[in-house]
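Okay, structure first, notes after.
Order of the sequence lines sets the chain letters (A, B, ...), proteins ahead of strands, with each chain counted from 1.
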Amino acid sequence: MPESHVRSHPEEPPAFDGASAAPAAGGLGVGPVEDLVVGDGSGRRATGRRRRPKARGLWADAWHDLRRNPIFGLSALLIIFLLLVSVWPGLIASRDPLACDLSRSLDGPAPGHWFGFDAQGCDVYTRTVYGARASIAVAVCATLGTALIGGVLGGLAGFFGGWADGVLSRITDVFFGIPMVLGGLVFLAMTEAEGIWPVVWVIVLLGWPQAARIARGSVITVRQNDYVQAARALGAGTTRMLVKHVLPNAVAPVIVVMTIALGTYVALEATLSFLGIGLQPPTVSWGVAISDASDGMQFRNAPHILLYPAAALSVTVLAFIMLGDAVRDALDPKLR
Amino acid sequence: MGRYVIRRLLQTVPVFIGTTFLIFVMVYALGDPVAGLFGDRAPDPGTAARLREEFGLDKPLWQQYLLYLGKIFTGDFGTAFNGRPVTELMATAFPATVRLMLIALVIEMVIGVLLGVVSGLRRGRGIDTSVLLLTLLVISVPTFVTGATLQFLLGVKWPLVNPAVSTRATFGELLLPGLVLALVSLAYIARLTRTSVAENARADYVRTAVAKGLPRHRVVTHHLLRNSLIPVITFLGTDIGSLMAGALVTERIFNIQGVGYHLYQGVLRQNSPTVVGFVTILVLVFLAANLLVDLLYAVLDPRIRYA
């Protein structure tokens with residue numbers, strides 16, 4: 001039964017509890033990953049109880065669940081749209097985000113400029129569309145970096161145990177002691193670097209222990225499972241065990257936590273930019289736009305300059321939180 | 001219980017050393033404290049060298065760190081950019097921030113737990129759905145957007161409160177900033193309590209309490225709530241960190257001259273003693289809060305003590 005073992009372990013994805021995911025996010029808290037989706041989803045879960053015609057693996061099973069989840073569909077569509085726009089902003093915005101006309105500063109909506117103009121007389125619609133690129137680029141790069149470094153280090157530490165595991169656990173403890181916005185503030189201010197890369201680096205530097213802790217816990221649970229012991233008994237090498245047995249079964253919690261983290265990293269970039277230490281103008285990003293708008297309450301007479309970038313940012317964060325939540329529900333057999 | 005406390009205390013020591021060292025390295029290895037003293041001008045090499053020697057910056061990093069750590073334990077955090085000791089700056093900065101965080105903590109605990117209990121006991125009804133939708137909304141809108149918006153609406157459009165906080169930063173003035181700071185954590189607490197209450201409401205001991213004929217409010221407060229609050233208490237420990245980060249943002253919006261303000265000034269002027277000192281204290285508070293939470297956790301849940 002090469003497939004059924006994958007699904008039949010009730011304690012499979014460990015460390016899904018909020019406490020383990022909460023701290024590393026610093027100010028913006030991934031928070032408890034508790035049941036973020038509206039409703040208790042009982043209608044959806046009922047489908048899982050139906051008699052299934054053939055056995056499915058963990059991933060096929062999760063996909064079976066996800067396809068029937070409207071929240072997953074909605075958030076996935078939103079995210080695909082956001083990714084497309086951030087790669088090709090020209091698809092839906094034809095103007096140049098840096099072409100501004102000071103004489104139209106803070107003007108309201110006009111034909112062809114439905115979102116109005118910001119303080120510099122730039123078209124708010126164009127800048128909101130182009131802002132997706134920097135915000136999402138930072139979040140995606142930071143998430144990939146965090147997941148890779150944290151996942152590999154945490155996974156190996158969990159698998160091999162011993163002194164390396166002890167050292168890694170102490171290091172993660174240390175990083176958990178520094179709230180992310182606080183660490184980011186110190187790091188970015190002291191390096192005085194500009195552009196998106198320093199922001200990515202600081203998030204990876206402060207965020208990897210979160211991924212490492214999740215991966216470690218997950219691998220430790222999987223390692224004790226019978227099929228890993230069986231593979232060892234049959235003479236499988238370390239590499240084969242890691243790649244064929246541990247990786248596919250332990251990666252689920254990391255994916256879930258990182259999806260939710262992606263949303264919070266979008267918000268984190270905006271927060272750092274708001275504090276004046278993240279991205280700087282002329283970079284076009286939602287954080288920079290919101291920071292400009294709230295500087296000296298410029299939005300007082302022109303609410304649109306705060307509203308649109310803030311709405312774009314919030315919808316993005318929401319989409320990633322909902323997606324991560326839906327995936328978590330689908331991958332967690334305990335909920336069935 | 002005594003052994004648990006001692007073990008937990010000992011665990012905090014390496015973490016404290018690690019975090020303070022990390023911050024120290026970030027500030028002293030990445031930035032240049034001496035260049036910061038000269039502002040925008042290029043430092044004179046002779047003066048710079050003399051200053052480096054005076055502040056002990058010519059020694060290897062680990063030696064500087066040990067010297068610094070030694071000084072901290074005697075209560076000496078160095079001098080700020082204006083020549084005053086950093087501790088003096090702290091004395092003016094911390095009261096405002098502590099007040100702000102206390103207000104936020106009280107608001108998120110009271111309202112968060114209340115909302116959580118109400119929606120958890122009425123799972124699936126209208127009030128439950130609206131609490132879930134509202135909290136999801138609050139979680140996805142960043143603090144600085146809600147802060148600026150509420151400041152505009154309540155402070156400028158319908159002038160109910162003063163939009164900026166004076167230097168005295170009284171409790172009354174800090175109510176709105178405290179609410180802004182509390183919002184995101186409040187949403188998490190409400191959701192956490194809801195899940196936990198809904199789960200425990202089906203537990204055997206609750207059914208027993210009801211069967212004994214206890215009044216409903218007693219079942220909820222004495223039986224259900226005590227067990228449901230354990231995850232909330234755990235969350236509070238990590239939440240102190242988020243509140244600190246949130247306080248930086250909130251203080252910026254409402255112009256409160258607290259820790260965030262001074263930290264930001266220190267960062268702008270590259271004044272390392274101020275930055276390291278303030279961040280060290282914040283990390284200490286964070287570690288202490290987590291220690292307290294772990295001890296509280298052991299009081300609430302006897303299984304932890306004997307593990």
Are side-chain heavy atoms of A:Pro179 and B:Ser242 found at a separation under 4.5 Å?
-> no

Does B:Pro142 reach the side chain of A:Leu313, with side-chain heavy atoms less than 4.5 Å apart?
-> yes

Apply side-chain contact (heavy atoms from CB on, under 4.5 Å) to B:Leu105 and list each qualifying residue two or more places apart in sequence or on a separate chain.
-> B:Glu108, B:Leu236, B:Ile240, B:Leu243

Taking side-chain contact (heavy atoms from CB on, under 4.5 Å) as the test, write out the residues that go with A:Ser273, two or more places apart.
-> A:Glu269, A:Leu279, A:Ser285, A:Val288

[atom1]/[X] to [atom2]/[Y] distance, rounded to the nearest 0.5 angstrom?
{"X": "B:Ile23", "Y": "A:Phe187", "atom1": "CD1", "atom2": "CZ", "value": "13.5 Å"}
{"X": "A:Leu318", "Y": "B:Leu136", "atom1": "CG", "atom2": "CG", "value": "5.0 Å"}
{"X": "A:Thr271", "Y": "B:Phe144", "atom1": "OG1", "atom2": "CZ", "value": "4.5 Å"}
{"X": "B:Leu22", "Y": "A:Leu206", "atom1": "CG", "atom2": "CG", "value": "7.5 Å"}

Can you say whether A:Leu275 sits under 4.5 Å from chain B via the side chain, the backbone, both, or neither, judging by heavy atoms?
-> both

Heavy atoms only: give me the nearest B:Leu248-A:Leu182 pair and the separation to one decimal.
-> CD1-CD1, 3.7 Å

Tightest non-hydrogen contact, residues B:Pro14 and A:Val174, listed as O-CG2, 4.4 Å

Please look at B:Val275 and chain A and tell me whether the side chain, the backbone, both or neither of the residue comes under 4.5 angstrom of a heavy atom of that chain.
-> side chain

Can you tell which part of B:Tyr264 gets under 4.5 Å to a heavy atom of chain A, answering side chain, backbone, both or neither?
-> side chain

May I ask you to name which of A:Ala270, A:Ser291, A:Ala319, A:Ala311 has the most heavy-atom pairs under 4.5 Å with chain B?
-> A:Ala270

Over 12 foreign heavy atoms within 6.0 Å of CD1, B:Ile127 = no

Please determine which of B:Leu287, B:Val15, B:Thr19 meets the side-chain contact (heavy atoms from CB on, under 4.5 Å) test together with A:Asp173.
-> B:Val15

